[in-house]
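Reminder, nothing fancy here: chain letters follow the sequence lines and each chain counts from 1.
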Number of protein chains: 2
Amino acid sequence: MTERTREPSISDTPSPADEPGPGRRPVITRADIIAAALNLLGPTRSVSTLSLREVAREAGIAPNSFYRHFRDVDELAVALIDLAGQSLRQIIGVARQRAGSEPGVVQGCTDAFMEQLRADDRLLHILLRESTVGSAAFKRAAEQQMNFFEEELCIDLIRLAAEKNSGLYDPALTAKAITRLVFAMGATALDMPEEGRAELNRQIVGMVRMIIAGTQALAAKTPAEAHPS
Amino acid sequence: MTERTREPSISDTPSPADEPGPGRRPVITRADIIAAALNLLGPTRSVSTLSLREVAREAGIAPNSFYRHFRDVDELAVALIDLAGQSLRQIIGVARQRAGSEPGVVQGCTDAFMEQLRADDRLLHILLRESTVGSAAFKRAAEQQMNFFEEELCIDLIRLAAEKNSGLYDPALTAKAITRLVFAMGATALDMPEEGRAELNRQIVGMVRMIIAGTQALAAKTPAEAHPS
DNA sequence: CATCTGTCTATACGATTGTCTTTTATTGGT
DNA sequence: ACCAATAAAAGACAATCGTATAGACAGATG
């Protein structure tokens, strides 16, 4: 049990089940409330509109029992965002590993991303749309997950560039541009009537290719400013 | 619903002031309510959280009088979004004209954009952050304004490419990528503690340069697929 | 002047919200 | 078996929400 993620406080289940101690055993867990919230969420329902009572109702508990697990709905939202970030990174990680170092890694990752979107992955919805609204802690959590994603992407970009012997103009900036652009485009895809998804997928791939071509071109043009490390 | 999407459906003041007709003259206008809503909005306050009563209170009218001017808050939001789109396009239009066809047009437009952001332009805030939340009509309005912006940018890109005799790989896609990326980055700048704004400005310029270099590189690589017209 | 029409106010209803206080249920320890 | 401690429930509170209804005011029209 102590082998909990060394990660800094992500989805931290403090102690309710670890050390029962004297007293009544909890009939509901943090995970149950999160599941209830996810079940309540949907393509037309955003986290910001969730009310404490509603989540409690869905979870089958009294409104007040919610406080036993979360201080307020914002804390729930942060937990959801963290979970979404973990999920996304895992998904992309699998896609990346599957694609290997083939040149179609962009296509592969984009496909995996959009496929997950089509599969109505509530967690992905959260991360995509709620990164611009909500309270401060709210946005900080979303930003953190994005940064995690950017870091992994940055490492990949550097590895790919080294393999193909092509330059990279500011790898971190490139990773950030790709991440933000894909997320923004994905967010607009959330409420699309199913058709046009393919077209949007094509657009995203084209955009990412554009950025990669751009970073290579700039690196070739101003090799002194490249940061290949 | 769609009978009004003609084109000049922006901030349409139907008739309350145009044709007084018989009856009491309105002591308050649509514009007054919009002003009240803007006054109520802020960096930590999003349109989605505005309540009918709150806006009415700020405008100094009874809650019910709101209905005389807007059917509901969503209609107010759409009006705000349309207004924001107009404002943004005007701002960029001025910046573009000022920069002329100099190579620093990217820098100039980005600076104008960020400057307006720093000036706490509520309208810009709206357009940046509320494009992913809200009702369907809500998002449609935001998407429409973005498309307007993309079209103007696309024309500019084509003109610049013709002047500099450099290719363009799918101008529309390029314009879309730039627009979405700048908007997404601008949204993250909304709640930044004033420092780091310069850094973010630098990042945005770098990203846009990357995309432009990419579209030129791709056009040079696959000239057959270029869509110059 | 009387009348009609449209704008705004006043009041109120039911629903829902977040949170507080009190009570009940259940479990482990002695 | 009893006790203490904790989880959850029950109920109530004020506040706010959107909206329905009815009445008061002002100006054009006869």
Trainee: To the nearest Å, how far apart are A:Leu76 CG and C:dG18 P?
Mentor: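 Nearest whole value for this atom pair: 12 Å.
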
Trainee: I need the CZ-C1' distance between A:Arg68 and D:dA5, as an integer number of Å.
Mentor: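 So the two atoms are 11 Å apart, to the nearest Å.
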
Trainee: What nucleotide among D:dA7, C:dT9, C:dC8 has an atom nearest to a side-chain atom of B:Ile61?
Mentor: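 Among the listed nucleotides, the one closest to the side chain of B:Ile61 is C:dT9.
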
Trainee: May I ask you to say whether A:Arg30 pairs ionically with A:Glu75, meaning some side-chain N is under 4.0 Å from a carboxylate O?
Mentor: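 Yes, this pair counts.
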
Trainee: Separation of A:Leu52 atom CG from D:dA15 atom P, in whole Å?
Mentor: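 Between P of D:dA15 and CG of A:Leu52: 19 Å.
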
Trainee: Collect all protein-nucleotide pairs involving nucleotides 22-25 of chain C in which both atoms are nitrogen or oxygen and the distance is under 3.5 Å.
Mentor:
none

Trainee: At less than 4.0 Å, is any side-chain N or O atom of A:Arg71 found next to OP1 or OP2 of C:dG18? Yes or no.
Mentor: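 False: A:Arg71 side-chain N/O out of range (4.0 Å or more) of C:dG18 OP1/OP2.
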
Trainee: Side chains of B:Glu151 and B:Asn147: do they bring a donor and an acceptor to under 3.5 Å?
Mentor: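 Note: B:Glu151 and B:Asn147 side chains miss the donor-acceptor criterion.
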
Trainee: Could you tell me whether the side chain of B:Leu88 reaches within less than 4.5 Å of the side chain of B:Phe183, counting heavy atoms only?
Mentor: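 Heavy-atom side-chain distance check passes, below 4.5 Å.
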
Trainee: Name the pairs: protein N/O against N/O of nucleotides 10-13 of chain D, kept only if under 3.5 Å.
Mentor:
| residue | atom | partner | partner atom | Å |
| --- | --- | --- | --- | --- |
| D:dA10 | N6 | A:Asn64 | ND2 | 2.7 |

Trainee: Contact class for A:Val73 (heavy atom, under 4.0 Å): base, sugar-phosphate, or nothing?
Mentor: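 Here A:Val73 touches no strand at all.
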
Trainee: Nearest whole Å is fine: how far is C:dT9 C1' from B:Arg57 CZ?
Mentor: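 B:Arg57 atom CZ is separated from C:dT9 atom C1' by 16 Å.
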
Trainee: What is the distance, rounded to the nearest whole Å, between atom CZ of B:Phe70 and atom P of C:dT7?
Mentor: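 Rounding to the nearest Å, CZ of B:Phe70 and P of C:dT7 are 14 Å apart.
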
Trainee: Can we say A:Glu143 and A:Arg180 salt-bridge, meaning some charged N sits less than 4.0 Å from an Asp/Glu carboxylate O?
Mentor: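 Counted as a salt bridge, because a side-chain N and a carboxylate O are separated by less than 4.0 Å.
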
Trainee: For atom CZ of B:Arg45, decide whether the heavy atoms of other residues, nucleotides or ligands shown that lie under 6.0 angstrom number more than 12.
Mentor: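 Yes, CZ of B:Arg45 has more than 12 neighbouring heavy atoms, counting only those of other groups under 6.0 Å.
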
Trainee: Kindly say if B:Arg25 contacts the phosphate of D:dA26, meaning a side-chain N or O under 4.0 Å from OP1 or OP2.
Mentor: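 It does not, given that no N or O in the side chain of B:Arg25 lies less than 4.0 Å from OP1 or OP2 of D:dA26.
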
Trainee: Going by the rule ring pair (Phe, Tyr, Trp, His ring centres under 6.0 Å), which residues pair with A:Phe138 if we only count those two or more places apart in sequence or in a different chain?
Mentor: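 A:Phe138 satisfies ring pair (Phe, Tyr, Trp, His ring centres under 6.0 Å) with no residue once adjacent residues are dropped.
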
Trainee: Atom OH of B:Tyr67 to atom P of D:dA22: distance rounded to whole Å?
Mentor: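 After rounding, the reported distance stands at 17 Å.
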
Trainee: With a non-hydrogen cut-off below 4.0 angstrom, is B:Ser65 in contact with a base, only sugar-phosphate, or nothing?
Mentor: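 Answer is base: heavy atoms of B:Ser65 come under 4.0 Å of a base.
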
Trainee: Would you mind checking if B:Arg202 and B:Glu199 are paired as a salt bridge, meaning a charged N to carboxylate O distance below 4.0 Å?
Mentor: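 The answer is yes: the pair qualifies as a salt bridge.
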
Trainee: Starting from P on C:dT7, measure out to CZ on B:Arg30 and report it in whole angstrom.
Mentor: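 Answer to the nearest Å: 13 Å.
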
Trainee: How close do A:Ala141 and A:Asp82 get, counting heavy atoms only, and between which atoms?
Mentor: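 Closest approach of A:Ala141 to A:Asp82: CB-OD1, 4.2 Å.
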
Trainee: So, is A:His69 near the phosphate of D:dA8, with a side-chain N or O under 4.0 Å from OP1 or OP2?
Mentor: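 It does, given that an N or O in the side chain of A:His69 lies less than 4.0 Å from OP1 or OP2 of D:dA8.
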
Trainee: Could you give me the CA-CA distance, side-chain angles and deciding distance for B:Asp121 and B:Ser87, then say whether side chain to side chain contact (heavy atoms under 4.5 Å, CB included) is met?
Mentor: CA-CA 10 Å; B:Asp121 185 338; B:Ser87 167; 3.9 Å; yes

Trainee: In whole Å, I'd like the distance from the CG atom of A:Leu40 to the P atom of C:dT16.
Mentor: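 Atom-to-atom, A:Leu40 to C:dT16, this comes out as 14 Å.
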
